Q: 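Quick one: structure below, then a few questions.
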Amino acid sequence: MKGLAGVHARTMLSACLMCLTLTSGAVFAQSAPASDVPDARAMEKLARSRNCMTCHAPDRTLLAPSYRDIAKRYAGQPGAADELARAITDGSQGKWGKIPMPASLQLAPGEANRLAEWILGMARPSRS
């Protein structure tokens, strides 16, 4: 998107998001459970239904960092869950590159906190 600014960049990003939304079922259908959090499948379903998985994936970078990379960056930091929930709700820019994360206006109260806890749980070692 180098060289594009303002409306043009947002238009291109919207087009990319639309394309990923249309193909997301095929792309993510074979993802393994994202973490050992007891309700990991329910949280992954919530993330999909709120279009989070259009840009993020549990274990690989798409348009945005993987949930595991986010979890690793915030692991052990005090207040990480609150900071992450705030970024999910309000959006952010510049933390992971030039593409901004839009605000998640479609989330019900408490969903950003639940998603943040789920994401942070991905930094924990899995049980064998």
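What you see is a predicted model, and the numbers here were worked out from it, not measured in a lab.
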Q: Nearest 0.5 angstrom please: D69 CG to Y74 OH, how far?
A: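 So the CG of D69 and the OH of Y74 are separated by 12.0 Å.
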Q: Do any N or O atoms from the side chain of S92 and from the backbone of A87 form a donor-acceptor pair under 3.5 angstrom?
A: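 No, the answer is negative, given that no donor and acceptor are paired below the 3.5 Å cut-off.
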Q: Within the supplied structure, the quantity of interest is the number of heavy atoms (other residues, nucleotides, ligands) at a distance under 6.0 Å from K95 NZ; does it exceed 12?
A: yes
Q: Between A112 and A85, what is the shortest heavy-atom contact and its length?
A: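 Closest approach of A112 to A85, heavy atoms only: CB-O, 3.7 Å.
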Q: Distance check, rounded to the nearest 0.5 Å: Q77 atom CD versus L84 atom CG?
A: 10.5 Å
Q: Please round to the nearest 0.5 Å and tell me the distance separating atom CG of L120 and atom CD1 of I70.
A: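 Answer for the CG-CD1 pair, L120 versus I70, is 9.0 Å.
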Q: With a 4.5 Å cut-off on side-chain heavy atoms, are L115 and L107 touching?
A: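 Of all side-chain heavy-atom pairs linking L115 with L107, at least one is under 4.5 Å.
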Q: Can you check whether W118 reaches D39 side chain to side chain, under 4.5 Å on heavy atoms?
A: no
Q: Decide yes or no for E83 and R86: does some side-chain heavy atom of the first lie under 4.5 Å from some side-chain heavy atom of the second?
A: yes
Q: With no hydrogens and no angle check, is any side-chain donor or acceptor of E117 less than 3.5 Å from a backbone partner on R114?
A: no
Q: Please check this pair: side chain of T54 against backbone of N51, looking for a donor-acceptor N/O pair closer than 3.5 Å.
A: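 Yes, T54 side chain to N51 backbone: donor-acceptor pair under 3.5 Å.
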Q: Any side-chain heavy atom of M101 within less than 4.5 Å of one from Q93?
A: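 Contact flag for M101/Q93 side chains = no.
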Q: Heavy atoms, side chains only, cut-off 4.5 Å: are L62 and R60 in contact?
A: yes
Q: When you compare the side chain of S66 with that of D59, does any pair of heavy atoms fall below 4.5 Å?
A: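 They are not in side-chain contact.
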Q: Looking at every non-hydrogen atom in both residues, tell me the closest pair between P58 and M53 and how far apart they are.
A: CD-CE, 3.8 Å
Q: Between E111 and P109, is any pair of side-chain heavy atoms under 4.5 Å apart?
A: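 They are not in side-chain contact.
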Q: Does a side-chain heavy-atom distance below 4.5 Å link Y67 with E44?
A: no
